[in-house]
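One structure is given below, encoded as structure tokens.
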Amino acid sequence: MSSPDSWYPIVRFPKGRAPAAVVAVVVLAGGLVGCAESGPDGASDEDRKAIENVLADYLPKLGNAYANGDFDALASGAVPKEVATVRKRVHDLEMEASRTLRPMLKSFEIERINVWRYSNAAVTTIEVWDIDSLVSGTDRLLSSGTDRYRVSYQFKRRDEGWMVIGRRIEHQFES
């Protein structure tokens, strides 16, 4: 059964329902098309680039937040709860340890990105930071060094793009 103006047959299923085999083929084909756009970890090239850009912008601002207390700049790459977490860490460091950190990002490399359900991502990086530790409220240097870390991030896709919702140092490598 086909109409005179079309080249494809019209297939009708009883009671308007497709047989299970047809549904399975359509679902499988859709799944394969979705996989073709993603890497083995579920991240598309577009997501990888977007997340890398967020980190390239966010990490130097994170260093400035520790050094200068500029927390407002973090809002372009992190949700308010994460900005509040950074603010608390910096405050605790100054109050409990009587020191201020002046970190400067040297480099970062994304080890892994795992995207799921379109709007969530787990990201692991290797970051190298030059870190000066000073007595709080002074320019007196307590220590200086280069540290290398494995850091895990949680990202959430929002209307404005990918945003950091959590950051945790997994491992500090020996210098």
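Just so you know, residue 1 is the first one in the sequence shown, and it goes up from there. All values below were derived from every heavy atom in this structure, side-chain atoms included, with hydrogens, water molecules and symmetry-related copies excluded.
- In the hydrophobic clustering of this structure, L142 does not group with M104; members are Ile, Leu, Val, Met, Phe, Trp, Tyr whose side-chain heavy atoms approach within less than 4.5 Å, directly or through other members.
- You'll find the side chain of F155 stays beyond 4.5 Å of the side chain of I113, heavy atoms only.
- Scanning both residues, W162 and V54, for their nearest heavy atoms gives O-CG2, 3.5 Å.
- Of the inter-residue distances, the one linking K81 atom NZ with M163 atom CE reads 14.5 Å to the nearest 0.5 angstrom.
- Considering CD1 of I131 and OG of S144, their distance stands at 9.5 Å, rounded to 0.5 Å.
- Under the 4.5 Å side-chain heavy-atom criterion for Ile, Leu, Val, Met, Phe, Trp and Tyr, L134 and V90 are members of distinct hydrophobic clusters.
- The closest side-chain heavy-atom distance from I110 to Y153 is not below 4.5 Å.
- For the pair I165/E82, no side-chain contact is recorded, criterion being any heavy-atom separation below 4.5 Å from C-beta on.
- Looking at heavy atoms from C-beta onward, R102 lies out of side-chain contact with L141 at the 4.5 angstrom threshold.
- Residue F173 places its CZ atom among more than 12 non-hydrogen atoms of other residues, nucleotides or ligands, all under 6.0 Å distant.
- Using a 4.5 Å heavy-atom threshold, the side chains of L74 and L62 count as touching.
- Within the model, atoms NE2 of H171 and CZ of R148 stand 8.5 Å from one another, a figure rounded to the nearest 0.5 Å.
- Residues S152 and E170 come closest through the heavy atom pair OG-OE2, 2.8 Å.
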Between K88 and D92, is a salt bridge (charged side-chain N to carboxylate O under 4.0 Å, His left out) present by the stated rule, with each step listed? CA-CA 6 Å; K88 182 176 180 339; D92 290 350; 2.7 Å; yes
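- Contact record, K106 with D130: CD-OD2, 3.0 Å, taken as the closest heavy-atom pair.
- In this structure, the separation between CZ on F71 and NE2 on H91 is 9.5 Å, given to the nearest 0.5 Å.
- Follow the hydrophobic side-chain contacts under 4.5 Å out from L105 and you reach I169 in the same cluster.
- Rounded to the nearest 0.5 Å, atoms CD (Q172) and CD (E127) are 12.0 Å apart.
- Closest of all the heavy-atom pairs between T100 and G137 is OG1-N, 4.3 Å.
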Working for side chain to side chain contact (heavy atoms under 4.5 Å, CB included), residues L55 and V123: CA-CA 10 Å; L55 287 170; V123 178; 4.3 Å; yes
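- Residues D70 and D72 are in side-chain contact: their nearest non-hydrogen atoms beyond the backbone lie under 4.5 Å apart.
- Residues L101 and V128 do not share a hydrophobic cluster, defined by chaining ILVMFWY side chains whose heavy atoms lie under 4.5 Å apart.
- Residues K61 and S76 bring a donor and an acceptor atom of their side chains to less than 3.5 Å of each other.
- By the 4.5 Å heavy-atom criterion applied to side chains, T124 and R150 are counted as neighbours.
- Under the 3.5 Å distance criterion, with hydrogens and angles disregarded, no donor-acceptor pair is assigned to the side chains of S136 and E94.
- Side chains of K156 and N120 form a contact here, defined as non-hydrogen atoms less than 4.5 Å apart.
- Contact between W129 and P103 at its shortest, heavy atoms only, is CE3-CB, 3.6 Å.
- With hydrogens and angles ignored, the 3.5 Å screen pairs no side-chain donor or acceptor of R167 with any backbone N or O of V151.
- For E46, the CD atom sits in a loose shell: 12 or fewer heavy atoms of surrounding residues, nucleotides or ligands are nearer than 6.0 Å.
- Across all their heavy atoms, V83 and A75 have their closest contact at CG2-N, 4.1 Å.
- Note: R112 CZ to I126 CD1 = 11.0 Å, rounded to the nearest 0.5 Å.
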